[in-house]
Amino acid sequence: MKIWFVPFYFCYFAANFRINSPKTLNMSKNLVIVESPAKAKTIEKFLGKEYQVMSSFGHIRDLAEKGIGIDFENNYKPDYIVSTDKKKVVSELKKATKLAETIWLASDEDREGEAIAWHLYDELKLKPENTKRIVFHEITKDAILNAIENPRSIDIHLVDAQQARRVLDRIVGFELSPVLWRKVKPSLSAGRVQSVAVRLIVERERDINQFVAESAYKVTATFKTNDANGQPVELKADLQQRFAEKQEAMAFLEKCKKAAFTIESISTKPTKKSPAPPFTTSTLQQEAARKLGFSVAQTMMVAQRLYESGNITYMRTDSVNLSSLAINTCKAEIISMAGQKYVHTRKFNTKTKGAQEAHEAIRPTYMNAHTIEGTNQEKKLYELIWKRTIASQMSDAELEKTTINISVSGSEYPFIASGEVIVFDGFLKVYLESTDEENDAESESLLPSLRENEKLTYIEIAAQQRFTQKPARYSEASLVRKLEELGIGRPSTYAPTISTIQNRTYVEKGDRQPEKRDFSYLKLKNDKISDSIKSENTGAEKSKLFPSDIGIVVSDFLTEYFPDILNYNFTADVEKEFDLIADGKIKWTKSIDKFYKKFHPIVEDTLKNSERQSGERILGTDPVSGRQLSVKIGKFGPLAQIGTSEEEEKPVFASLRKDQSIENITMEEALELFKLPRQLGEFEGKVMTVAIGRFGPYIRHDASFYSLPKTDDPMEISMERAVEIIENKREEEKNRVISILGENGEIQVLNGRYGAYFTCNKINYKIPKGIEATDLTFEKCTQLMAAQPDAGIKKKGFTKKGAGGKKTSKK
DNA sequence: CAGTGAGCGAGCTTCCGCTTGACTT
């Protein structure tokens with residue numbers, strides 16, 4: 001039945017198998033080991049028959065998963081074991097090493113890569129006399145041949161820096177998480193990276209809640225005059241000054257009634273715009289989110305496919321560097337496309353904190369391929385990468401910025417009109433980087449050609465009350481940018497980290513509906529000033545990260561008891577320590593010992609002395625019962641509670657709605673929650689109750705549930721309307737079953753939300769166009785089922801797994 | 001597919017960073 005999947009997996013597996021299967025028939029003298037199978041495939045082509053290239057698939061060993069995997073009694077000795085999913089790879093590699101004369105360890109040239117080389121050396125029991133360590137940052141024939149000419153030995157100090165990194169992360173994660181299990185809720189997690197990511201989101205939310213908007217009046221004018229050729233033209237200009245108070249704005253408009261408007265000066269200034277550097281993982285994630293609307297995980301999934309199909313270079317990188325080969329092919333491409341004057345080759349420097357630059361920037365493998373074959377998403381992402389890469393080697397754009405200064409007689413404040421003209425488009429011909437702040441869409445355009453001292457008359461002048469903007473919530477991509485800026489996390493972990501904090505429900509991705517806000521609007525026209533109130537929508541957000549109540553409680557708790565770990569500079573500081581280890585200036589175990597001696601007592605102390613955290617907030621007293629009203633996190637999420645458990649009378653509970661938070665729910669809103677469930681009256685002798693459940697508002701009647709449409713308010717709904725909803729649903733139910741087929745009725749033909757379908761063994765099947773649902777027979781259905789082998793199978797997801805469970809070994 | 005907020009208290013959960021994996025709740 002699932003035979004359709006086989007060809008895909010088979011090809012995939014066969015390809016990898018070929019790469020990693022020892023060529024026993026033409027025994028190669030040389031065995032090269034790299035990290036990625038796609039890379040192995042490419043390199044093998046460059047090296048010829050004397051070399052066999054295999055892949056380690058990343059790290060082959062890690063700290064033991066059971067327990068902490070560190071021997072504290074024995075100077076922090078790590079307990080390394082081969083990961084279960086790497087056992088096969090390791091045994092294949094072992095076989096191959098026995099047959100080779102020389103083994104070349106060619107893992108990446110960074111801390112993790114060096115450690116991979118060392119683990120291979122150790123686990124495969126290689127001998128120093130025939131093992132060589134080589135590195136290259138770009139996958140070109142020259143670079144690889146050059147590397148082979150210049151082998152070195154494993155840099156044990158760099159390996160030690162990685163061991164320190166690994167052990168530190170294990171200690172932090174595996175000592176902090178159990179504190180949360182005891183003090184907040186089981187199964188929670190904390191770590192050097194994820195906890196700081198959550199803190200950023202929690203603090204941003206606080207900034208937003210505490211934000212008080214200020215307003216000022218912005219004055220804009222439309223003038224008319226004649227241009228240099230005597231043609232009538234209009235000109236828009238803004239007043240430089242903003243007025244804090246309405247009276248000031250009003251007074252200014254009053255002045256304008258009789259004022260003379262004169263062009264005092266016109267200045268033009270040439271400016272330049274330079275292209276952005278080629279993509280790194282983080283900038284690719286940001287641009288794909290802004291330009292294509294991809295989530296961070298989606299971008300990485302599509303990029304992975306582009307990499308595997310050989311269309312782009314490696315997609316997990318922090319480097320903006322391009323190989324000289326790539327720069328040259330860009331140049332050739334630009335010349336043939338646009339001409340020599342569009343070429344301006346550049347070397348970009350990586351400014352990112354903690355960047356390790358083991359790879360090139362993300363770029364197309366072949367610059368002459370402007371597009372590629374593939375899915376729509378693959379094409380779009382590829383074109384984005386192609387444009388960004390090409391643009392990075394193109395000339396600056398030359399612009400001319402014109403500023404017209406207009407004086408107002410009787411006032412010290414001038415109006416300014418400005419416009420921008422592109423004199424030479426340069427890289428803009430291909431690509432312009434987007435920004436997060438798209439609202440300032442007042443695109444500057446060409447201004448009419450005017451003369452100094454010209455007099456203008458106004459058509460209208462308006463003073464509009466404008467408010468300062470709340471800070472924006474993080475999106476997935478802007479959080480990645482912030483983490484990168486702080487040097488926290490690595491290209492390979494940005495997407496998984498974003499998934500982890502969502503899977504642990506610390507953070508939720510969601511939208512915020514806009515709110516209406518009134519502003520006052522003064523307008524001067526025909527020497528009359530009108531004063532009106534208008535309204536605008538504000539605060540709408542889409543796909544942004546919101547902290548949950550549990551996220552807030554956990555973050556506050558950790559920040560209070562472990563301020564050092566939650567400090568935004570913690571990672572940057574330990575990175576400095578790791579650099580000292582890598583330089584051989586300090587032993588890694590000593591560095592860890594210093595940390596642990598300070599950290600562990602705080603863990604012990606917190607376990608002993610801190611209170612259980614429920615995020616409880618007392619809102620006041622219930623006016624009806626006189627008992628205490630509070631909110632806190634309960635076993636099933638945030639709740640409101642009247643009374644306390646100490647009192648004799650048991651407390652009354654009500655769940656918070658999804659859009660409410662312990663942090664800022666008001667007493668009135670909390671009391672509202674207790675008005676449900678509400679008895680509506682009787683129908684057919686049975687009580688109707690209205691309430692809000694997990695799936696929204698519903699009516700309960702005679703043990704059946706009836707969902708309320710969005711248009712009905714559970715607080716307001718009338719008895720008549722409720723009866724109508726119940727009868728509608730019954731009617732639908734009656735029409736749901738079209739026919740029942742088979743001897744035991746194993747197939748049912750039904751009416752659903754999207755039309756007719758049939759179901760068998762809890763799997764739903766489509767009815768193809770042209771077939772009437774009423775004409776279906778048992779035989780026909782069996783045929784249709786055979787034709788839909790993958791019905792009921794969920795689409796494969798990459799996101800959730802990467803973050804959470806990879807416990808493939810467990811039963 | 002719907003309202004819970006807890007009792008004997010077993011035995012479990014968890015990190016970050018490399019890589020790609022592959023038959024279901």
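Per chain, numbering begins at 1; letters A, B, ... match sequence-line order.
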Side-chain N or O of A/T493 closer than 4.0 Å to phosphate OP1/OP2 of B/dC16: no

Which nucleotide in B/dC15, B/dT19, B/dT13 has an atom nearest any side-chain atom of A/W181: B/dT13

Touch class at under 4.0 angstrom, heavy-atom based, for A/G489 against every strand present: sugar-phosphate

N/O donor-acceptor pair, side chain A/S187 with base B/dT13, under 3.5 angstrom: yes

Sugar-phosphate, base or nothing in reach of A/P651, heavy atoms under 4.0 Å: nothing

Touch class at under 4.0 angstrom, heavy-atom based, for A/Q162 against every strand present: nothing

Touch class at under 4.0 angstrom, heavy-atom based, for A/G58 against every strand present: base

Closest to side chain of A/M315, choosing from B/dT20, B/dG17, B/dT14: B/dT20

Sugar-phosphate only, base, or nothing, as touched by A/A190 at under 4.0 Å among non-hydrogen atoms: sugar-phosphate

Parallel, tilted or perpendicular: ring planes of A/Y80 versus A/W118, cut at 30 and 60 degrees: perpendicular

Side chain A/R165 and base B/dC16 donor-acceptor under 3.5 Å: yes

Proximal nucleotide (of B/dT14, B/dG5, B/dT20) relative to the A/L639 side chain: B/dG5

N/O donor-acceptor pair under 3.5 Å between A/T281 side chain and A/M315 backbone: yes

Sugar-phosphate only, base, or nothing, as touched by A/L188 at under 4.0 Å among non-hydrogen atoms: sugar-phosphate

Sugar-phosphate only, base, or nothing, as touched by A/Y494 at under 4.0 Å among non-hydrogen atoms: nothing

Among B/dC18, B/dT20, B/dG5, the nucleotide that comes nearest once only the side chain of A/R316 is considered: B/dT20

Parallel, tilted or perpendicular: ring planes of A/H701 versus A/Y706, cut at 30 and 60 degrees: tilted

Near-parallel close stack of A/F57 and B/dT19 base (under 5.5 Å, under 30°): no

A/S177, nearest nucleotide to its side chain (from B/dT20, B/dT14, B/dG5): B/dT14

Verify stack between A/F705 ring and B/dC1 base, 5.5 Å, 30 degrees: no

Which nucleotide in B/dT20, B/dG17, B/dT14 has an atom nearest any side-chain atom of A/D62: B/dG17

Polar side-chain contact A/S655-B/dG5 base: donor and acceptor under 3.5 Å: yes

DNA chain B stem ranges, 3 or more consecutive Watson-Crick or G-U pairs under 3.5 angstrom: none

Quiz item: A/R490 side-chain donor-acceptor pair to B/dC18 base, under 3.5 Å: no

NZ/A/K185: more than 12 non-hydrogen atoms of other groups inside 6.0 Å: no

Among B/dG17, B/dC15, B/dA2, the nucleotide that comes nearest once only the side chain of A/Y698 is considered: B/dA2

A/V193, nearest nucleotide to its side chain (from B/dC15, B/dC16, B/dC18): B/dC16

Carboxylate-amine/guanidinium proximity below 4.0 Å for A/D122 and A/R61: yes

Among B/dG5, B/dT19, B/dT13, the nucleotide that comes nearest once only the side chain of A/D108 is considered: B/dT19

Among B/dT19, B/dC16, B/dG5, the nucleotide that comes nearest once only the side chain of A/S492 is considered: B/dT19

Sub-6.0 Å ring centroid separation between A/Y596 and A/F72: yes

Salt bridge present between A/E112 and A/R165 (N-O < 4.0 angstrom): yes

Sugar-phosphate only, base, or nothing, as touched by A/R111 at under 4.0 Å among non-hydrogen atoms: nothing

